[in-house]
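Side chains included, hydrogens not; waters and symmetry mates left out as well; all remaining heavy atoms used. These numbers come from a predicted model, not from an experiment.
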Amino acid sequence: MWLGGAGRLVAPAEIVAAIEARLGGALETGRSEGALAGRRIVVTAGPTWEAVDDVRFLGNRSSGKMGFALAQTAAAQGADVTLIAGPVALATPAGVARRVDVESALEMREALRRVALPADVVVMAAAVADFRPGVRVLGKLSRRDARPAAARPARALTLVANPDCWPSWSRPQRTGAIPGGICR
């Protein structure tokens, strides 16, 4: 079942209903042996940072809180949860079995390739960067130049599209696997 639209978040109740329909049974709260016991769930969360040089990056303001809350809820329902987290200042939620920290979109894609295939459910809640610098500068870019600012040549930052994390695993290889994405 595709739960998507033109960049809009599907209502959380619809997401829960779709998962319940595929897994069978209602989700109950507060039990470690809940409705998701024995299920393997992967959740992505947070932003990705794309390095420009050793000190600068392109990023976004995603806090990761939504993905972390989803991971915590799944763990509370008894799921075996793997959380793939971009650079955030959040503690791993209680009950989450594994946390994989990544920084860039390419790292998140690689982490998904490693852990998504055996999962029953994959929830993509991360705010993955669409673009990255075409060239990463080693060291720090410097604006120092003996010429006055008006005489200095402008710098251009060439961007290249990041590959989509979704296609790398979105065609379930196992019967009953549920891919899901949350677009923001």
Side-chain angles (χ1 to χ4, degrees), residues 1 3-4 9-20 22-23 25 27-51 57-130 132 162-174 176-184:
M1 167 182 240
L3 298 176
L9 172 64
V10 173
E14 290 182 51
I15 296 170
V16 171
I19 292 172
E20 286 177 341
R22 282 300 281 271
L23 298 180
L27 298 178
E28 300 171 15
T29 58
R31 294 184 347 190
S32 62
E33 290 298 320
L36 298 178
R39 298 294 185 167
R40 294 165 297 200
I41 296 181
V42 174
V43 178
T44 66
T48 59
W49 291 352
E50 305 302 323
F57 63 87
L58 301 176
N60 61 59
R61 293 184 172 102
S62 173
S63 67
K65 291 179 182 178
M66 180 174 58
F68 274 61
L70 290 167
Q72 182 175 15
T73 300
Q77 295 303 314
D80 178 10
V81 178
T82 299
L83 176 61
I84 302 174
V88 295
L90 298 172
T92 303
V96 169
R98 284 164 299 289
R99 176 173 172 170
V100 179
D101 289 314
V102 299
E103 187 169 287
S104 71
L106 294 175
E107 290 173 1
M108 186 164 287
R109 184 176 191 208
E110 182 56 34
L112 270 167
R113 283 186 191 180
R114 288 193 314 266
V115 302
L117 188 59
D120 297 302
V121 177
V122 177
V123 179
M124 303 263 311
V128 180
D130 293 322
R132 68 183 184 278
N162 273 323
D164 197 345
C165 291
W166 184 266
S168 64
W169 60 268
S170 63
R171 292 192 179 115
Q173 303 295 313
R174 296 182 313 102
I178 306 171
I182 297 172
C183 299
R184 301 188 266 162

Worksheet item: So L106 and R132, side-chain contact (heavy atoms from CB on, under 4.5 Å) or not? Walk me through it.
Response: CA-CA 10 Å; L106 294 175; R132 68 183 184 278; 3.9 Å; yes

Discussion item. So which atom in F68 and which in V88 form the shortest heavy-atom distance, rounded to 0.1 Å?
Written reply: CZ-CG2, 3.7 Å

Worksheet entry | Pairs where residues 58-82 contributes a residue and the test salt bridge (charged side-chain N to carboxylate O under 4.0 Å, His left out) is met, not counting sequence neighbours | D80-R98

Discussion item. Checking A105 now: which residues fulfil side-chain contact (heavy atoms from CB on, under 4.5 Å) with it, not counting sequence neighbours?
Written reply: T48, E50, V128, N162

Practice prompt. Find the distance between CG (L117) and CZ (R40) and round it off to the nearest 0.5 Å.
Written response: 9.5 Å

Discussion item. In the structure I gave you, are the side-chain heavy atoms of L112 and T44 within less than 4.5 Å of one another anywhere?
Written reply: yes

Practice prompt. Of all the heavy-atom pairs spanning L90 and G64, show the shortest one and how long it is.
Written response: CD1-C, 3.8 Å

Practice prompt. Identify the two heavy atoms, one from G86 and one from M108, that lie closest to each other, and give their separation to 0.1 Å.
Written response: N-CE, 4.0 Å

Response to the item:
Residues at least two apart in sequence or cross-chain that pass side-chain contact (heavy atoms from CB on, under 4.5 Å) with V115, listed by chain then number, are V42, T82, I84

Fill in: Residue list, side-chain contact (heavy atoms from CB on, under 4.5 Å) with D130, at least two apart or on another chain
none

Worksheet item: Which heavy-atom pair separates A45 from G67 by the least distance, and what is that distance?
Response: CB-CA, 3.7 Å

Discussion item. Under the side chain to side chain contact (heavy atoms under 4.5 Å, CB included) test against V100, which residue among E107, R114, E110 passes?
Written reply: R114

Practice prompt. Specify the closest pair of heavy atoms between G59 and F57, including all atoms of both residues, with the distance to one decimal.
Written response: N-CD1, 3.8 Å

Fill in: Listed partners of D101 passing salt bridge (charged side-chain N to carboxylate O under 4.0 Å, His left out), at least two apart
R99

Worksheet item: Between A75 and A94, which heavy-atom pair has the shortest distance, and what is it?
Response: CB-O, 3.9 Å

